[in-house]
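To keep things clear, I will list the structure first and then write my remarks on it.
Residue indices begin at 1 and follow the sequence shown. Because the structure is predicted, anything quoted here is derived from the model rather than measured.
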Amino acid sequence: MTINLILLSLLAYVIGSIPSGLWIGKIFYKKDIREFGSGNLGATNSFRVLGIKAGSIVTVMDILKGTVATLLPYFFQLNVDHHFWLLTGAFAIIGHSFPLFAGFRGGKAVATSAGVILAYAPLLFVAALVVFLVTLKLSKYVSLSSMIGALAALIISFFMGDWILIILVACIATFVIWRHRANITRIRNGEEPKIKWM
């Protein structure tokens, strides 16, 4: 059982390491998105550099990485407590942030983390998504919306009484905010770009 979990966790890391934005940019647009915009491999920079269509595809792919990785124990019919789903999901988040296929320089883990929550606690995903979209509509800042969405997910998770989930969401929220520390500085200085399509 332990060996199986280790193998699935490694597979989850590999799935999370798929650099959606990088590959789509290079294959269909002949662009390395690391050389434009924020230089980040995540969905937000894909929107900025490649456009709404490509950005939407990258977002969906990054979410699915987290969802698929979280459900690996289920797909492989591994008879473990469902909390172990969060283990494989966590490895997908690590893979997205430090991808094997992109020099260990990845995205900020927002979409992939959302995919993990979608697989494990769909209602929590929906609630955090609503907070994200409302904040985005009001502020036009993707970075701020991501951080507030992560904090909202943490607050809401406390009412669910699942301490393993709470611990993971707390780690996700902390990591997301840490990865956005440069964005926080730009927001304070009025230099953070706003989206123009909402």
Side-chain angles (χ1 to χ4, degrees), residues 15-67 69 89 92-99 101-118 125-154 169 171-198:
I15 292 172
S17 288
I18 297 172
S20 310
L22 178 63
W23 287 358
I24 288 177
K26 284 190 171 183
I27 293 171
F28 297 103
Y29 296 86
K30 309 303 178 186
K31 286 184 177 181
D32 185 336
I33 65 172
R34 294 173 296 185
E35 299 174 359
F36 301 90
S38 66
N40 192 268
L41 282 182
T44 301
N45 201 40
S46 296
F47 273 109
R48 289 186 184 133
V49 177
L50 305 177
I52 294 177
K53 181 180 179 180
S56 299
I57 293 172
V58 170
T59 300
V60 171
M61 290 181 67
D62 285 351
I63 290 173
L64 285 177
K65 290 192 302 186
T67 302
I93 295 171
I94 294 170
H96 177 78
S97 303
F98 308 101
F101 306 118
F104 302 100
R105 290 177 54 228
K108 296 178 179 177
V110 176
T112 303
S113 297
V116 173
I117 294 174
L118 173 61
F125 168 85
V126 172
L129 178 62
V130 169
V131 172
F132 170 86
L133 291 175
V134 170
T135 306
L136 185 60
K137 182 68 175 179
L138 295 174
S139 72
K140 301 296 190 295
Y141 289 128
V142 176
S143 55
L144 178 63
S145 303
S146 298
M147 290 184 282
I148 291 180
L151 288 173
L154 176 59
V169 176
C171 291
I172 289 173
T174 302
F175 185 67
V176 166
I177 292 172
W178 179 76
R179 293 282 278 183
H180 282 88
R181 59 197 185 282
N183 302 82
I184 294 172
T185 300
R186 288 196 295 269
I187 290 173
R188 287 175 175 171
N189 296 334
E191 300 170 349
E192 180 77 350
K194 294 184 177 183
I195 63 169
K196 301 176 181 179
W197 40 271
M198 280 194 75

Output a table of donor-acceptor pairs, distance under 3.5 Å, between side-chain atoms of residues 51-61 and any protein atom two or more places apart or on a different chain; print 'none' if there are none.
from: S56; atom 1: OG; to: I52; atom 2: O; distance (Å): 2.7
from: T59; atom 1: OG1; to: G55; atom 2: O; distance (Å): 2.8

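- Listed for the H180 side chain is a donor-acceptor partner under 3.5 Å among the backbone atoms of V176.
- Atom CZ of F28 sits in a sparse spot, with 12 or fewer heavy atoms from other residues, nucleotides or ligands closer than 6.0 Å.
- Counting only heavy atoms from C-beta outward, the side chains of I24 and Y29 approach each other to under 4.5 Å.
- A distance-only check finds no donor-acceptor pair linking the side chain of T135 to the backbone of S145 [under 3.5 Å].
- Annotation: the span from T112 atom OG1 to I93 atom CD1 amounts to 7.5 Å, rounded to 0.5 Å.
- Under the 6.0 Å distance and 45° angle rule, R181 does not count as a cation-pi partner of F175.
- Salt bridge status for E192 with R186: present, with a side-chain N to carboxylate O gap under 4.0 Å.
- Contact record, L41 with G107: CB-N, 4.2 Å, taken as the closest heavy-atom pair.
- In this structure the side chain of K26 reaches within 4.5 angstrom of the side chain of L22, judged on heavy atoms.
- No donor-acceptor distance shorter than 3.5 angstrom exists from the side chain of R34 to the backbone of N40, with no hydrogens or angles considered.
- Residues G21 and I33 share a closest heavy-atom pair of C-CD1, 3.8 Å.
- The CG atom of N183 sits 8.5 Å away from the OG1 atom of T44 when rounded to the nearest 0.5 Å.
- The shortest non-hydrogen separation linking F101 to P19 is CB-CD, 4.0 Å.
- For residues 40-49, the set of pairs meeting the salt bridge (charged side-chain N to carboxylate O under 4.0 Å, His left out) definition, not counting sequence neighbours, is empty.
- Here I187 contributes atom CD1 and S139 contributes atom OG; the two are 7.5 Å apart, rounded to the nearest 0.5 Å.
- Partners of L138 by side-chain contact (heavy atoms from CB on, under 4.5 Å), not counting sequence neighbours, listed by chain and number: V134.
- Between the side chain of K65 and the backbone N or O of I18 there is at least one donor-acceptor pair closer than 3.5 Å.
- In this structure, SG on C171 lies 13.5 Å from CH2 on W178, to the nearest 0.5 angstrom.
- Separating the OG atom in S46 from the CG atom in D62 is a distance of 7.0 Å, to the nearest 0.5 Å.
- Atom CG of N45 and atom CZ of F36 lie 10.0 Å apart (nearest 0.5 Å).
- For A109 against S97, the heavy-atom pair with the smallest separation is CB-OG, 3.4 Å.
- Residues I184 and I177 form a side-chain contact, since some pair of their non-hydrogen atoms from C-beta on lies under 4.5 Å apart.
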